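As C-alpha cells, the structure follows; a few thoughts come after it.
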Amino acid sequence: MLELSTPVQYVKGVGPRIADVLAAKGIRTVGDLLHYLPFRYEDRLNPRGIAELRPGEMASVVGEVRNSGLFRTRSMPIFQLTIGQGRAKLRCLWFNATYLQDKFKPGQLIALYGKVEEDPRSRELQIIQPQFEILGDSSDGENRAEKKTAESLEIGRIVPIYEAIGRVSARWFRRIIRTALENLTPELPDPIPAMVRAHLGLVSPHAALWNVHWPEPGESLQDLQSSRTPAHIRMIFDELFFIELGLELKRRQQKAQTGIAFRLDDRVRAAIKKILPFHPTAAQKKVLKEIAEDMQKPYPMRRLLQGDVGSGKTIVSFEAAIIAIENGYQVALMAPTEILAQQHYFSARRMLENAGYRIVLLTGSLESDHKREIRRHIAQGSAQLVIGTHALLEEKVEFANPGLVIVDEQHRFGVMQRLKLMKKAGDAESRRATLAAEGTEARTESGPTGSAEPDVLVMTATPIPRTLALTLYGDLDLSVLDELPPGRTPIVTKCVSDDQSPKVWEFVRKQVMAGHQAYVVYPVIAENEESELKAAIKMYRELSGKVFADLKVGLLHGRLDAELKDQVMRMFQKGELQILVATTVIEVGVDVPNATIMVIEHAERFGLAQLHQLRGRIGRGAAKSYCVLMTGGKITEEGQKRLDAMVRTNDGFKIAELDLELRGPGEFFGTRQAGLPDFRVANIIRDAQLLEAARQEAAAVLAGPNTEISSEEISRALVQMRARWQHTYGLVEVG
Ligand code: ADP
Ligand code: MG
C-alpha cells in the first residue's frame, strides 16, 4: 500500500526517467502527485452532439475520424480533419501542422475540445486547433487488458485533463494517478479536527483525493470546472487551514512576548492634540484608537495600517510616535527611499519640533562624521524620533531605548518574507543578549524596561481586499484608513494619444499660470534604454528649452546623486519649480499639495498599481486636479483595460481588485518572494471565502480544548501544521 509520503517512483508505471521529470516540478511523493489536480474536466459521458453545437461555445465532442489531410496554401500548410457522429460532421483545422499528417486513421474514436466557430464563407461549424485525444486506438501495440483500462479511463465518463509536463502527457497522468489512488492506503488519518470538519461539512481526505481526480458520475461539470465540488473544497480548505493555523499561532506567540505597556493618560492626550494641524477624519480617529489600545497592552504591537494614497497615514503615525516618546521611549521611522525619509523629516519638524521633540534624520548621503554624531545621539537616547531609510536603520544602529518602529510604504513585503526577517532580528537579539551576559558588550540599560520588544507599525498604501490582507499580512493586526481627508475634489483623469500633446502642454501652462504646479512623468530615464520610448532627460531638454522655456522646469530621476535629488525636490516643494519632469522616483509618498496636474507619458507602459500611486501625488489640496494619461505607440488589450480603469475610478480598492484580476496573485504581489505562500490547490482570489473560514477555524482551534475539540486533536493539527510549514516554506521555527 502507498502512503502519501511514499516516493513517487513506487507508483507502478513511474520509472526513474518519469520520476526525474516529475521531481523537476516538485512532485516527489505520492502526496505531491495526488495534489497535481486536473485543470479542467471533459464530459465524455454525455458528449455534445455535433448537431447541437453553437458558434462561440467551448465544447468537448467525441466522434469518429472520417478523413484527414494536409492542404498547402500560399502562406502555410493547414491540416484538416473531419469527424462524424452518424450523419453529422464537424471540421477541425490546425495551422502549420505537418506533424499531424499520419496521426489519424478513419474509424478511430477521438475526443476533441475547443471553441466552436462558424466558417465565414461556408457557414459550416468548425473548431480551430482543438485539443484532442485519440481514444481506444487499436494500432498502438497495447495488449487487450491495457486497452480496456485505457478506454474505461477515457470514455463514457467525466475525464480529468491534466497539464502535460514534458513527456508526461495528460493521458499518462491519468494512468499513474489512477494507479496511485488504487494502491493508496485506505487509512488516511485526518489531521483536521472533527469540530472543524463538521463546521464545513468536509469530506474525508481519501474521498477528496479520489473524487477530485475521478468525479462520481452525477457530479456537476460546472462545479468541477470552478473547483467547487466537495472534493475540491476539502483540498483547498485543507491547504488554507494549515497556513492560517501557523499564522494564528505566530500571532499568539507575539502576544505572549514581553512588550511595552505604554501609558495613555491626559498628559499624553494633550501632547497629541497639541501637534495636530487639523481635525482628524473619523477614520483617522478610529485607527488611532486601535493603535493606542494596542500600544497600551503589555505585549508587542504588530499592526498594519492600510490606507490609500493621500488618506493621511503620516499624521497617524506621528500621533503614535508621541505616545511612545511621552512614555520616555525612542521611535524609529523607516522609509523606503531617501526622498521619502527626507519628506517625513520635514513634516516631522514642521509638526513636532515646536513642541520640543528632538528629531534626527539619518541618511546614507550624510558625511560620515555627521552620521557618527547622529548615531551617538541615538545611542545616548537624546534623539527621540529617528527618521531614515530601511537600509540605514536595519544596519547597526544602536538605540538606547527603542519603543516603537514605524515602517512606511512596505507594500512589497509579505508575511513569509517578514517571518524570515524577524527570525534574523531574533537571532541578533539573542546574540546581543548572550554578549551582554558575558559582559563583552557594554549596554546602557537606561530604558524604563530594558528587554521588552518594541511595538511595530507597518504602513502600506497598497489597498488589498481584507481577506487577502489577512493572509498576506496574516501575522499582523489590521487597521484600515478608509476615508480621505475632507475638501478634496476628485481627480479628473483623461486618456489621450500623444499626437494631442500640444493641447496638453497648453493646458499644463494654463494651470501653472494660475499658480499651480505640474508633474510630467516618463517611464525611462535616458533614450537608449528602450529606443522608441520618450525619456525623461531628453524630454526635459525639450520641455525646459522649448515648450516651457519661460517657466521654471526641474528634472528628477533615480540616477541623480542624492544631494541633487534633494535639492530639486525641495525646490519643487517650495514652489521654486513650476514643472517637475520625473521618472517613477516620485511614485511613493511625495506630498506637494499645490501640484494639481500630472501628465504621464507612455501611460500604457505602467502597471495599474503604479499609475494609481503616481496619480496619488496630485489631488492633495483643495484645488481641482487633473491627470492626463498620454499614450504613444501600441496598446495591448490589457494596457487598454488598465487605462480605462484609471479613467473610470479613483478608488484604490477597486483598482487593486482589478489589478489582482488582470495580473493574478503572483504578479500582483511582486514575485513569489514577495511573501505570498505558494499554493498548490488554492487560489486566494477564487477562494477568498474559504480563506476567511480557515482563519476563523484556526483561531477557534487555538482557543484551546473544549467539549467539541480535544487537546489530542489540537496537537495532531499542530504537528501537521509544522510539518507542512517546514516542507513548503522551510520555516522550521514557526510554532
Ligand atoms: P498618505 O496616507 O498617502 O501617507 P499623507 O499622510 O501624506 O497621506 O497625507 C496626505 C495629505 O493630507 C497631507 O498633505 C496631509 O497633511 C493631509 N491631511 C492628512 N490628514 C488630514 C486631515 N484630517 N485633514 C486635512 N488634511 C489632512
Ligand atoms: Mg505616506
Side-chain angles (χ1 to χ4, degrees), residues 272-291 303-322 333-337 339-354 385 387 390 406-412 457-464 469 478-491 516-517 519 569 572-575 584-596 598 609-625 627 650-653 655-656:
I272 294 175
K273 231 186 202 138
K274 217 164 98 187
I275 63 136
L276 284 181
F278 29 59
H279 286 295
T281 63
Q284 284 171 323
K285 280 190 199 151
K286 180 194 72 184
V287 301
L288 179 66
K289 187 155 171 277
E290 289 166 356
I291 293 168
R303 187 167 281 276
L304 177 70
L305 173 56
Q306 193 189 322
D308 205 349
V309 281
S311 59
K313 295 183 289 293
T314 315
I315 189 76
V316 173
S317 70
F318 287 170
E319 291 174 307
I322 288 179
L333 170 54
M334 315 207 283
T337 65
I339 290 184
L340 273 180
Q342 225 131 54
Q343 187 175 289
H344 280 313
Y345 178 61
F346 293 133
S347 340
R349 281 183 49 185
R350 205 169 54 231
M351 282 189 246
L352 306 180
E353 220 161 43
N354 285 340
L385 173 58
I387 300 175
H390 296 163
I406 301 166
V407 187
D408 188 21
E409 312 281 0
Q410 273 286 30
H411 50 280
R412 283 174 193 107
L457 179 67
V458 181
M459 303 196 281
T460 172
T462 306
I464 306 166
L478 185 61
S479 286
V480 182
L481 265 183
D482 49 9
E483 175 188 6
L484 292 182
R488 305 260 172 102
T489 17
I491 302 165
H516 298 300
Q517 289 165 281
Y519 297 102
M569 207 50 235
F572 190 67
Q573 233 145 13
K574 286 194 200 146
T584 54
V585 289
I586 59 155
E587 185 184 341
V588 264
V590 170
D591 185 30
V592 181
N594 189 45
T596 58
M598 173 173 285
Q610 208 173 20
L611 287 172
H612 181 64
Q613 285 286 335
L614 283 169
R615 184 172 58 181
R617 300 308 113 219
I618 57 172
R620 298 188 146 238
K624 190 161 183 172
S625 291
C627 176
N650 275 306
D651 182 329
F653 278 90
I655 286 180

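Excluded from the calculations below are hydrogen atoms, water molecules and symmetry mates; all remaining heavy atoms, backbone and side chain alike, are included. When a ligand or atom number is given, it counts from 1 through the structure's own listing order. All values reported here derive from a predicted model rather than from experimental measurement.
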Ser311 neighbourhood, listing ligand 1 atoms whose heavy-atom distance to it stays under 4.0 Å: 2 (O), 8 (O)
Minimum non-hydrogen distance to atom 20 (N) of ligand 1, winning option of Gln284, Lys313, His279: Gln284
Which of the ligand 1 atoms, numbered from 1, are nearer than 4.0 Å to a heavy atom of Thr314: 4 (O), 5 (P), 6 (O), 7 (O)
Note: Lys286-Asp482 ion pair, threshold 4.0 Å (strictly below): yes
Enumerated ligand 1 atoms positioned under 4.0 Å from heavy atoms of Thr281: 23 (N)
From NZ (Lys624) to NE2 (His516), nearest 0.5 Å: 12.0 Å
From CZ (Arg350) to CG (Leu352), nearest 0.5 Å: 10.5 Å
Residue Pro280 vicinity, atoms of ligand 1 by number, heavy atom under 4.0 Å: 23 (N)
N or O contact, Gly312 vs ligand 1, cut-off under 3.5 Å: yes
Side-chain (Gln306) to main-chain (Leu478) donor-acceptor, under 3.5 angstrom: no
Donor-acceptor contact present, side-chain Glu483 to main-chain Ala283, <3.5 Å: yes
